[in-house]
Structures are given as structure tokens and as C-alpha cells.
Amino acid sequence: MATDTQTKQIDLFESPDFYQVDSLFTEEHKLIRSSTREFVKKEISPYIQQWCEEAYFPQEIVAKFGKMGVFGPFIPEEYGGGALDYISYGLIMQEIERGDSGMRSTASVQGSLVMYPIYKFGNDEHRKKYLPRLAAGEMLGCFGLTEPDHGSNPGGMVTNFKDMGDYYLLNGSKMWISNAPNADIAVVWAKNEEGRVHGLIVERGMEGFTTPETHGKWSLRASATGELVFNNVKVPKENLLPNKSGLGAPLMCLDSARYGIAWGAMGAAMDCYDAAKRYSLVRKQFDKPIGSFQLVQKKLAEMLTEITKAQLLTWKLGTMMNMGKATTAQISMAKRNNVAMALDVAREARQIHGAMGITGDFPMMRHMANLESVLTYEGTHDIHLLILGHEITGIQSFK
Ligand SMILES: Cc1cc2nc3c(=O)[nH]c(=O)nc-3n(C[C@H](O)[C@H](O)[C@H](O)COP(=O)(O)OP(=O)(O)OC[C@H]3O[C@@H](n4cnc5c(N)ncnc54)[C@H](O)[C@@H]3O)c2cc1C
């Protein structure tokens, strides 16, 4: 357990803004970003290395995130949300993932994959019952779509429920579910007797419902991942989300989460770039700072170029999200580009640190390992490419 032996690392992060992207943000956006950054410097950076070493999920972060307004900032205030726009949401995700992708995963699952479907597809009783507590961090949720045999192809899911008159009988299992071991509720996607996908709210404590933890991960180690197992679970009929069914419902949630990932990955890239820039100015070889060598400058220049392109991509996407006009394919492009970009930046930044770069004294290896999951979840790198290919040609190649 991470407790008093924590190695407190000093967080000197300064974000790059080469193209004055800040001028596109409002004062409120900048305030939200700076307060989230301060929160990360105080509550995450000093402890994250140890949490990851110990594969420890800091449960207490949930209430702290709630207090900060990190969960579902786009949800209306009457349900406990911040009624903020999508640029604000993006900046919050960027800053948290700058701290750690696992921490951002906890936040984006709660906001985009639990609160969003309850708000969009639930009725007013669902909204009043769950959203304020989820927003405040008094309750943690998870999102169950992926199954052991159905990852990129969630439409093939076998988890199912039968109408038993007074209740629904739920059977099946979900795998690779973020927050599952600690979640109070799960938004679960399952097929009814006609094979149509519906969302159900399953609560911890329901008989036959278990959430075994997945161990041995080398990635997202500070985020708890697990299974959801349903063995004849009697789900009250009022727990069905009534306002949308079909695979389009979970895919809408994924659009919102993938948008947050596009911003979040940029945070991880900025952290690696910032560490590499600083290190290149203090580390000397051949009697000179390594930053004076052209090959190191090339790496830094290319990192900054890619981060700047990603900043412009996400800002524009955010404005389209605010107007309700961003398409799935546009979101795929940003998620895919920015995660791959962040992985490349992490690798280059690690090289600039030489041997020191493989240690936990610097963030690159942790970000790099985390980003391998981010590259795969919420639609793999290749599946997003094929979504774009479908958009361009009108021909779907992955079914
Ligand atoms: C740490 C972590 C947390 C996660 N959290 C959640 C969560 O909270 N909720 C949830 O529901 N899921 C979650 N997931 C699951 C994640 O969304 C899936 O892992 C992802 O969708 C890919 O599915 P898969 O792992 O089964 O890979 P597969 O679908 O088996 O794919 C394996 C490989 O085959 C490729 N491939 C598959 N189909 C095609 C095709 N038609 N054409 C070309 N290539 C193809 C893929 O791109 C990939 O490279 C999480 C995963 C991880 C690692």
C-alpha cells in the first residue's frame, strides 16, 4: 500500500504553447486548466511513481476529483455537473493525463462512459439518483462493453438479459473494465431476447454480480481494471436505460470518451517533451549540454511540432463538439493521431534521457507503458484508421 514512504517527486512542468493556442481559450478555460494543473502537481505527481510501482489505485482520489469538478464537467448543474463546454472538458483531461493516463482513465470513464449515458439515455429518476453522487465522487462507476471474445467487435456480445416479468435476468461477462474492482455501479451493455443491445445499471451488491480484478498489467498500473461477471443477476426493470438502444448507444459514449483521450494523450506528450527539454539543458557530454547537439535539437523540434499540430487539432475538434457537429470519424482522427504522437514523443524523450530515462525518476517509461493501453482501448489504432477509411471511401472494411 502506498502510504508514508511515498517518494515525493518535484513537478516542474511547464506547458509548451508555440503557436499561441492560449489566445484561442477564454479566461475561464485558462483558469480551469491552471487549477487542474495545480491539483495534479499536489495530489498526483508526488505519488504516482509509487502508485504505479505498487499497482495501487488510490481510492481517495475519487472524492478529490469530485471536489475538483473533474467528473462529467459537461453535465448540467442541476445534476451536479459543471455545465462546462467541451474545450474545458478537454483541458481537464489534458492536465490529468499529464499526471498519469490511469488517473485520466478513472475520470473519463466516470464522466463520458457512466454519467454521459445516464444523462443521455436514462430517465429523470436515473439522473437524480446517480448523477449528483457520481459528480461529487461519492460513487464510482464503470462501463461494461468489451467481452472476453468481443473487443473490436462489440456487436457480437453474448451478455444477455431475459424479461422475467418482475425483473430482468442478466448473464454473461465483461472483461478489461476500468474502475470495475472499485465501482459502485456498472453501466452494462447486454442483448435482450430479440438480440437488441440495451444499457442496464447494475449495482454492487446485487446477487450474482462480481468484479474480479485483473492483475499483472504493465500499463495503467494506477488504474484498477477488472471483469464484470453476471451469474443470474436479477436487475430491477427500472434500471434499464430507456432512451436509446442498439449499438449506437455505447458508441455515442465512446465518441465523448475518445474526444477526451485526444486531449489527454497530448498532456502525456507535453510532460515527456517538457522533461526532455529540461534534461537536455543540464546533462553534459563532451563538455557541452546535450541540447547543443543537432540530433537532440532535431528530436525536440519534431516533438514540439507534433504537439503543436495536436493542440490545433483538438482545439478545432472542441469547437465542433461544442456545436454538436463533430463526427465519429473526426474524433477517430484526433484520438488516433494524438495517442500515436504521444507514444512517439515518449520514446524520443526517453532516448534524450539516456539510461536515466528508463528509471522512475522521470515520467517517460510510465507514460509510454500507459499509452500502449490508450492506443488499444476505446477502439484500437487500426480500427480508427478503418473508421477513417470508411468515411473516405464509403466502404466499410472491418466487418
Ligand atoms: C487497460 C484497459 C482498460 C480498458 N477499459 C475498458 C472499459 O472500461 N470498458 C470496456 O468496455 N472496455 C475496456 N477496455 C477494452 C478495450 O476497449 C479493448 O481492449 C479494445 O476494444 C480492443 O479489443 P481487444 O483487446 O479484444 O482486441 P481485438 O479486438 O482482439 O484486436 C486485436 C488486434 O486485431 C486488430 N483487429 C481486430 N479486428 C480487426 C479488423 N476488422 N481489421 C483489422 N484489424 C483488426 C486490432 O486492431 C488489434 O490490433 C480496456 C482495455 C484496456 C487494455
Side-chain angles (χ1 to χ4, degrees), residues 52 55 57 97 100-117 140-159 172-191 197 199-200 202 211-230 247 249-258 260-261 264-265 268 328 332 335-336 339-340 343 366-390 393 395-399:
C52 286
F57 173 70
E97 189 147 1
D100 187 72
S101 308
M103 293 291 99
R104 197 271 307 139
S105 300
T106 296
S108 55
V109 166
Q110 179 97 332
S112 285
L113 300 181
V114 179
M115 295 173 70
Y116 178 92
L140 186 67
C142 66
F143 172 90
L145 180 65
T146 304
E147 298 190 351
D149 294 328
H150 301 93
S152 299
N153 174 26
M157 70 174 69
V158 291
T159 299
S173 66
K174 300 287 175 180
M175 202 178 174
W176 297 113
I177 307 305
S178 302
N179 297 351
N182 303 81
D184 302 291
I185 60 167
V187 171
V188 176
W189 301 94
K191 284 179 178 166
V197 173
L200 297 156
V202 180
T211 59
E213 184 159 0
T214 303
H215 295 288
K217 287 184 302 165
W218 286 88
S219 176
L220 295 187
R221 287 175 60 79
S223 157
T225 312
E227 293 169 50
L228 304 176
V229 181
F230 314 105
L247 200 59
L251 294 184
M252 270 175 74
C253 309
L254 290 174
D255 273 353
S256 172
R258 289 164 179 171
I261 291 173
T328 295
S332 283
K335 190 265 185 186
R336 180 174 185 275
V339 178
L343 252 175
R366 178 171 49 79
H367 282 309
M368 209 189 296
N370 283 341
L371 288 162
E372 288 293 340
S373 284
V374 183
L375 195 76
T376 285
Y377 72 20
E378 313 257 353
T380 70
H381 188 65
D382 285 347
I383 292 294
H384 286 298
L385 179 96
L386 299 178
I387 290 172
L388 284 166
H390 180 199
T393 62
I395 306 163
Q396 195 176 59
S397 68
F398 54 94
K399 269 191 188 166

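We count ligands from 1, going down the list as the structure has it; atoms in each ligand are counted the same way. Note that the structure is predicted; figures quoted are calculated from it, not measured.
- Residue-ligand proximity, Tyr377 to ligand 1, at heavy-atom distances under 4.0 Å covers atoms 2 (C), 3 (C), 4 (C), 16 (C), 17 (O), 50 (C), 51 (C).
- Of all atoms in ligand 1, numbered sequentially from 1 with element shown, those under 4.0 Å from a heavy atom of Phe398 are 41 (N).
- Side-chain atoms of Arg221 come within 3.5 Å of backbone N or O of Lys217 as a donor-acceptor pair.
- Of all the atoms in ligand 1, the ones that sit under 4.0 Å from a non-hydrogen atom of Glu378 are 17 (O).
- A donor-acceptor distance shorter than 3.5 angstrom exists from the side chain of Thr159 to the backbone of Ser173, with no hydrogens or angles considered.
- Under the 3.5 Å distance criterion, the side-chain polar atoms of Thr393 are matched with a main-chain donor or acceptor of Gly389.
- For ligand 1, the atoms sitting less than 4.0 Å from at least one non-hydrogen atom of Asp382 are 47 (O), numbered in the order shown with element in parentheses.
- Per-atom contact check: atom 44 (N) of ligand 1 does not touch the protein, criterion being a heavy-atom distance below 4.0 Å.
- When only modelled atom types and interatomic distance are considered, Asn370 and Ser219 share no side-chain donor-acceptor pair under 3.5 Å.
- At least one N or O atom of Leu145 sits closer than 3.5 Å to an N or O atom of ligand 1.
- Nearest non-hydrogen protein atom to atom 12 (N) of ligand 1 is Thr146 OG1, 2.7 Å.
- Atom 9 (N) of ligand 1 has as its closest protein heavy atom Phe143 O, 2.9 Å.
- Within the 3.5 Å criterion, the main-chain N or O of Gly141 finds a donor-acceptor partner in the side chain of Asn179.
- The closest approach between any non-hydrogen atom of Cys142 and ligand 1 is not below 4.0 Å.
- Closest protein heavy atom to atom 35 (C) of ligand 1: Ser152 OG, 4.8 Å.
- Within the listing of ligand 1, atoms 22 (C), 46 (C), 47 (O) sit less than 4.0 angstrom from a heavy atom of Thr380.
- Among protein heavy atoms, atom 23 (O) of ligand 1 sits closest to Gly151 CA, 3.3 Å.
- When only non-hydrogen protein atoms are considered, atom 14 (N) of ligand 1 lies nearest to Trp176 O, 3.0 Å.
- Nearest non-hydrogen protein atom to atom 19 (O) of ligand 1 is Thr376 CG2, 3.7 Å.
- Under the 4.0 Å distance rule, the nearest protein heavy atom to atom 32 (C) of ligand 1 falls outside the cut-off.
- On a distance-only criterion, Ser178 and ligand 1 share at least one N/O pair closer than 3.5 Å.
- Considering only heavy atoms from C-beta on, Thr225 stays 4.5 Å or farther from Ile177 through its side chain.
- Residue Leu386 has at least one heavy-atom neighbour below 4.0 Å for each of these atoms of ligand 1: 42 (N), 43 (C).
- Counting only heavy atoms, the protein gets under 4.0 Å from atom 28 (P) of ligand 1.
- Of the protein's non-hydrogen atoms, the one nearest atom 39 (C) of ligand 1 is Ile383 CD1, 3.8 Å.
- Checked by atom type and distance alone, the side chain of Lys335 never pairs as donor or acceptor with a backbone atom of His381 at under 3.5 Å.
- Listed by number with element, the atoms of ligand 1 under 4.0 angstrom from any heavy atom of Leu220 are 1 (C).
- Counting only heavy atoms from C-beta outward, the side chains of Thr146 and Lys174 never approach each other to under 4.5 Å.
- In this structure, atom 53 (C) of ligand 1 lies nearest to the protein heavy atom Ser373 OG, 3.9 Å.
- Inside a 4.0 Å radius of atom 6 (C) of ligand 1 there is at least one protein heavy atom.
- Atoms of ligand 1 found under 4.0 Å from any heavy atom of Ile177 (numbered from 1 in listed order, with element): 7 (C), 8 (O), 9 (N), 10 (C), 11 (O).
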